[in-house]
Student: 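Encoded as structure tokens, here's the structure I'll be asking about.
From a predicted model like this one, the values you see are computed outputs, not experimental measurements.
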2 protein chains.
Amino acid sequence: MKSIFIDEFFDMTSTTTSLKTNPNVSVDCVVFGFDVEGLKVLLIEQRPVGDTLGQLALPGDLVLQNENLDQSAKRVLKELTHLDGLYLKQFQTFGDPDRVSNVKDQEWLRNFRDDPAARVITVAYYSIVKMENYQPEAASFAGKIIWQPVDQVPDLAFDHNKIFDTALTRLREEFELKNIAFELLPEKFTLSQLQRLHEMVLGVDLDKRNFRKKLKMKTGLVALDEKQTGVDHKPAQLFKYKPRKHA
Amino acid sequence: MKSIFIDEFFDMTSTTTSLKTNPNVSVDCVVFGFDVEGLKVLLIEQRPVGDTLGQLALPGDLVLQNENLDQSAKRVLKELTHLDGLYLKQFQTFGDPDRVSNVKDQEWLRNFRDDPAARVITVAYYSIVKMENYQPEAASFAGKIIWQPVDQVPDLAFDHNKIFDTALTRLREEFELKNIAFELLPEKFTLSQLQRLHEMVLGVDLDKRNFRKKLKMKTGLVALDEKQTGVDHKPAQLFKYKPRKHA
DNA sequence: CAAACTAAGTGTATATTATACACTTAGTTG
DNA sequence: CAACTAAGTGTATAATATACACTTAGTTTG
């Protein structure tokens, strides 16, 4: 292995390639969760603190050497929250040199980065899940995990507010085009539940009849021979999605 | 400045942060060009070679320490091709560990990367310009620059074929929504020229009357008091865009 | 200078899609 | 059995998208 002084190493790179340097690269995951109360986002405390909650952030960590970006996002999310098997979509990469400036826990930050002098460029992913199917558990080294309503997101570490806002916009755009509601409802669900999902994600009210009219045109929905049970009103017809595959 | 052996440096990082490493981060630019012949893409030879053309690639280079990603894309494109002032849109980041494997010029590759052991993660941008307004000139250290028709793109270095295909798909999607045809036509242009532009980018034929009907609804187009000159048929009315701003 | 050529320019009818809107029905609860 | 709740259903109207062909203005050619 080459053996040179590290300051020489830096000099060498800076002479041959000017100011080029190796940044840290991370992935961050914006996981939206859906339940009866509405649309929420998964946030973590960067590490355990006492009684008051530490600064919150999106779950994220550095990319490892031999994994691709999609794999990295899956792994990081699983390590931090034990969530697995969800569909994560890459949507944008954030690389402002000072995006690290809003981290209050400087000790945590020094530990997070390989090289304290390096900046961190982050590749951002989003996903949306049904909360009751995906109950996160904090990793031992991490702090608390919370589901925060999307209209009450506090000041986050790094530029994570910007990342979150971008993700929500993109989620809504995608949602109007193709349904990415794979995991958002019980296996068997009613059309009203599906409509409420759309209303919550898009943040609008929809007309029941028009909503159902559009559904009829789209494929992918299968009526079952079953009815809803345990409700104090006329039970609704149950449906399921035609099975689809994800990597 | 810290002064330690570089192999120790690598060991240190690998013990404190497991397999984490600092990849190289680059930007790549997919610049589409439009002229009477159709839609083309800007490719460069990685460095000058003799009579036969070396392997082609999208223009790209490593990100510098104190620039954000958008700035980096602008700078790199300018350094390699002297193209400046175009609107570059980030669309996806590519980070497969082996995306470097299709580079035939290994010597060039060693020189390109800071650290030969590191992988290269690249943030990809696209743009579209009117070719006659933007005539690229190769940098002294680079090889030839060519405009290649989008349906005749050869085997490119890295995973640049994949990046190119993704860019073309995204360009077409964007183009149908909002017009990003800021720079694609002469300052004064006819509606037929505008229609041909759309047909070339989207790869379809459009109906003249319906095309114009839709145009009327959209703002941003201003009829001039002038007519086309120097054509061997009925001269067309000239139009211009309402001025718009880019960063 | 007339005929032939070229692309410009223009409107209507039809089909598709989006929206607005209110009552009846089936089951549950008290 | 009366009251309650959400399920379920259709039609009329508006907006948008598509299909389609002839006349016009200027240029070139014989």
Student: In whole Å, I'd like the distance from the CD atom of A:Gln228 to the P atom of C:dT28.
Tutor: 11 Å
Student: From NZ of B:Lys227 over to C1' of D:dA25, roughly how many Å is that when rounded to an integer?
Tutor: 8 Å
Student: Record whether the side chain of B:Lys213 comes under 3.5 Å of the base of D:dT18 through a donor-acceptor pair of N or O atoms.
Tutor: yes
Student: Would you mind reading off the distance between A:Leu215 atom CG and D:dA7 atom P, rounded to a whole angstrom?
Tutor: 14 Å
Student: Could you check whether any side-chain heavy atom of A:Asn133 comes within less than 4.5 Å of a side-chain heavy atom of A:Phe34, counting everything from C-beta outward?
Tutor: no
Student: For B:Lys188, give me all partners under side-chain contact (heavy atoms from CB on, under 4.5 Å), at least two apart in sequence or on another chain.
Tutor: B:Leu224, B:Glu226, B:Leu238
Student: For D:dT29, which nucleotide is its Watson-Crick or G-U wobble mate, given both distances must be under 3.5 Å?
Tutor: C:dA2
Student: Which pairs with one or both residues in residues 204-235 of chain A pass ring pair (Phe, Tyr, Trp, His ring centres under 6.0 Å), sequence neighbours excluded?
Tutor: A:His198-A:Phe211
Student: So do A:Leu69 and A:Tyr125 actually touch side chain to side chain, heavy atoms under 4.5 Å?
Tutor: yes
Student: Just the rounded figure in Å: distance from P of D:dA6 to CD of A:Gln193.
Tutor: 13 Å
Student: Sequence neighbours excluded, which residues qualify as ring pair (Phe, Tyr, Trp, His ring centres under 6.0 Å) partners of A:Phe239?
Tutor: none
Student: Can you tell me if B:Ser192 touches the phosphate of C:dA8, counting only side-chain N or O atoms and a distance under 4.0 Å to OP1 or OP2?
Tutor: yes
Student: Could you pull out all residues at least two apart from B:Ala138 that satisfy side-chain contact (heavy atoms from CB on, under 4.5 Å)?
Tutor: B:Ile145
Student: Quick one: does A:Gln55's side chain get under 4.5 Å of A:Asp155's, heavy atoms only?
Tutor: yes
Student: Atom CE of A:Met217 and atom P of C:dT16: how far apart are they, to the nearest Å?
Tutor: 12 Å
Student: Scan every strand shown for a Watson-Crick or G-U wobble partner of C:dT19, both distances under 3.5 Å, and answer none if you come up empty.
Tutor: D:dA12
Student: What pairs of nitrogen or oxygen atoms, one from the protein and one from nucleotides 1-5 of chain D, lie under 3.5 Å apart?
Tutor:
none

Student: To the nearest Å, how far apart are A:Lys216 NZ and D:dG8 P?
Tutor: 11 Å
Student: Can you tell me the distance, in whole Å, between the NZ atom of B:Lys218 and the C1' atom of D:dT16?
Tutor: 13 Å
Student: Starting at atom CZ of B:Arg212, determine the distance to atom P of D:dA19, rounded to an integer number of angstrom.
Tutor: 18 Å
Student: Heavy atom of residues 199-211 of chain A under 4.0 Å from DNA chain D: which residues?
Tutor: A:Lys208, A:Arg209
Student: So, do B:Thr81 and B:Val31 sit near enough that their side-chain heavy atoms are less than 4.5 Å apart?
Tutor: no
Student: Once the angle between the rings of A:Tyr126 and A:Phe32 is folded into 0 to 90°, is it parallel (under 30°), tilted (30 to 60°) or perpendicular (over 60°)?
Tutor: perpendicular
